[in-house]
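Below, read A as the first sequence line, B as the second, and so on, with proteins coming before strands; counting in each chain starts at 1.
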There are 2 protein chains.
Amino acid sequence: MRISDKHQKITQAAIKVFARKGFFNARISDIAKEAKVADGTIYLYFNNKYDILISMFEDEIGKIILQVRLLIDQEEDPRKMMEIFALNHLQLIEEKRNLAEVLQMELRQSNKFMKEYRNKKFIEYIDIISTIVRKGQKMGLFSTKLLPGIIKCAYFGALDEMSRQWLLTRKPPYSIKEAARQVSDTFLHGMMTRPM
Amino acid sequence: MRISDKHQKITQAAIKVFARKGFFNARISDIAKEAKVADGTIYLYFNNKYDILISMFEDEIGKIILQVRLLIDQEEDPRKMMEIFALNHLQLIEEKRNLAEVLQMELRQSNKFMKEYRNKKFIEYIDIISTIVRKGQKMGLFSTKLLPGIIKCAYFGALDEMSRQWLLTRKPPYSIKEAARQVSDTFLHGMMTRPM
DNA sequence: TGTACAAAAATGAATCATCATTCATAAATG
DNA sequence: CATTTATGAATGATGATTCATTTTTGTACA
């Protein structure tokens, strides 16, 4: 077995275990068992428990950024881009439930993670949104009164909270697609009644 | 000193300590020291460490619900109500930074908290939003295509993410008021350029 | 092929520090 | 002086990390 395989195997096991029990309640021996590896082996690939979390985050969110960039770059219209971002984000939650749970519940929580460790990758991800907003403003599509930094937070936050609900309640009363559409529509057009 | 005073003193100390170190990294002896009380005393008022967290949550969010209800009930127009909810929520973060930090980072994280413990109070708080949406739909102000359950998530999520940013970066580049206005405006009117 | 052997990788029991919790005792109260 | 409240040192469980030992791997040579 190649070295990187075992690294990967431990990471995947950790995602499962962290999702199930949470970072602090997860024991190294849980991860080891899940990865079918000895406890000590984990320390050949990671410095410590916390390092597993960080390293998982960097790897996985990196992949996600690549994927969504690819989709968005094929698009011309910033309005469409906003929709795509929403849909992609929510679909991700569905496809990678365990990972989503860790990213959402565990990483978020850790003051240490968000404060001390400057979270480059995460910022890179949500900055995709503000870039789209700026593009839309330049094209005269979005109001120039909007602060891209605020819209970025609000849009990501809206999607993120949808995800949280989705993760907490196994059976949400609406589809991913419907949710993504309502969020992007609301941001783009607003909630007011109006003539179509 | 009345019993309830000591309970209160411990709760307030716990808020500080949890905000500073996070729930899992906080030691009971930290809280005891902060509250100027012996370690053992804490167990006269709470069953265990986790109980402190839960009990703090119930008490504090209860107060918050009362406060925002009071403000909203004075208002007729659902559009105004949405604005008030946003402003109130963000102002709260500013006024009660430590509490906000705990509610946001710590409670959220805990799978245990959000999953096993049916989180009535929290649901009650965000349900204020869906109630407003329904009212606005009945009055013909908001589109009936909107699912109140989705808007509730999205709106709360947007505000919550703003708060997170505010908490993480001491000096955000915009005021609470401006942020609240942009979020509520965007939801109500949308992002598109249009004739005023 | 098969054997020898050094280097690399893996093992998991033992170590050791860290707290949450308890409880025998002391102080405060009325 | 009895009852309530508070103390904080001692207990005991837990679990991350280490490291002496074993296993596997890759290479060289017969």
Please enumerate all residues that pass salt bridge (Lys or Arg N to Asp or Glu O under 4.0 Å) together with A:K63, with sequence neighbours excluded. A:E60
Taking A:M56 as the fixed residue, which of A:V102, A:L103, A:I10 is the one that meets the side-chain contact (heavy atoms from CB on, under 4.5 Å) rule? A:V102
With A:R97 as partner, the option from A:E95, A:E94, A:E101 fulfilling salt bridge (charged side-chain N to carboxylate O under 4.0 Å, His left out) is A:E101
Taking the side chain of A:N48 as heavy atoms from C-beta outward, which of D:dA6, D:dT17, D:dT7 is closest to it? D:dT17
Ring pair (Phe, Tyr, Trp, His ring centres under 6.0 Å) pairs touching residues 66-91 of chain B, sequence neighbours excluded, are B:F85-B:Y125, B:H89-B:Y125, B:H89-B:F156
Which nucleotide wins on minimum distance to the side chain of B:Y45, given the candidates C:dA9, C:dA20, D:dT5? D:dT5
Identify the heavy atoms of A:L141 and A:P78 that sit nearest to each other, and give their distance. CD1-CD, 3.7 Å
The side chain of B:R27 lies closest to which of these nucleotides: C:dA9, C:dC19, D:dT17? C:dC19
Measure the distance from NZ on A:K49 to C1' on C:dT18 and round it to the nearest whole Å. 13 Å
Whole angstrom is fine here: how far is it from CD1 in A:I42 over to P in C:dG12? 12 Å
Under 4.0 Å from OP1 or OP2 of C:dA10: is there any side-chain N or O of A:K6 that close? yes
Check: A:K121 main-chain N/O paired with A:E58 side-chain donor or acceptor under 3.5 Å: no
Distances for protein N/O vs nucleotides 14-17 of chain C N/O pairs under 3.5 angstrom?
none

Tell me whether B:K16 is salt-bridged to B:E34, with the criterion being a basic N under 4.0 Å from an acidic carboxylate O. yes
note: B:L44, atom CG; C:dT21, atom C1'; distance rounded to Å ~ 12 Å
Separation between CD1 (B:I126) and CD1 (B:I65), nearest 0.5 Å, reads 10.5 Å
Any residue meeting side-chain hydrogen bond (donor to acceptor under 3.5 Å, both in side chains) with A:K96, in chain and number order, not counting sequence neighbours: none
Could you please name the option among D:dT7, C:dA20, C:dG12 that lies closest to any side-chain atom of A:A38? C:dG12
Verify, without hydrogens or angle tests, whether B:K49 (side chain) and B:F23 (backbone) share a donor-acceptor contact under 3.5 angstrom. yes
In whole Å, I'd like the distance from the CD1 atom of B:I28 to the C1' atom of D:dG8. 14 Å
List, with names and distances, any nitrogen or oxygen atoms from the protein found under 3.5 Å away from nitrogen or oxygen atoms belonging to nucleotides 23-26 of chain C.
none

Answer yes when B:R69 and B:D73 have at least one side-chain N-carboxylate O distance shorter than 4.0 Å, and no when they do not. no
May I have the distance from A:F24 (atom CZ) to D:dT14 (atom P), rounded to whole angstrom? 19 Å
Quick one: B:I52 CD1 to C:dT21 C1', roughly how many Å, whole number? 12 Å
In whole Å, what is the span from the CG atom of B:N25 to the P atom of D:dA16? 13 Å
As a check of understanding: the bend across the helix from C:dT1-D:dA30 to C:dG30-D:dC1, end axes from five pairs, rounded to 10 degrees, works out to 10°
Salt-bridge contact A:R79-A:E83 (side-chain N to carboxylate O under 4.0 Å): no
Figure out the NZ/P separation between A:K9 and C:dA10, and round it to whole Å. 9 Å
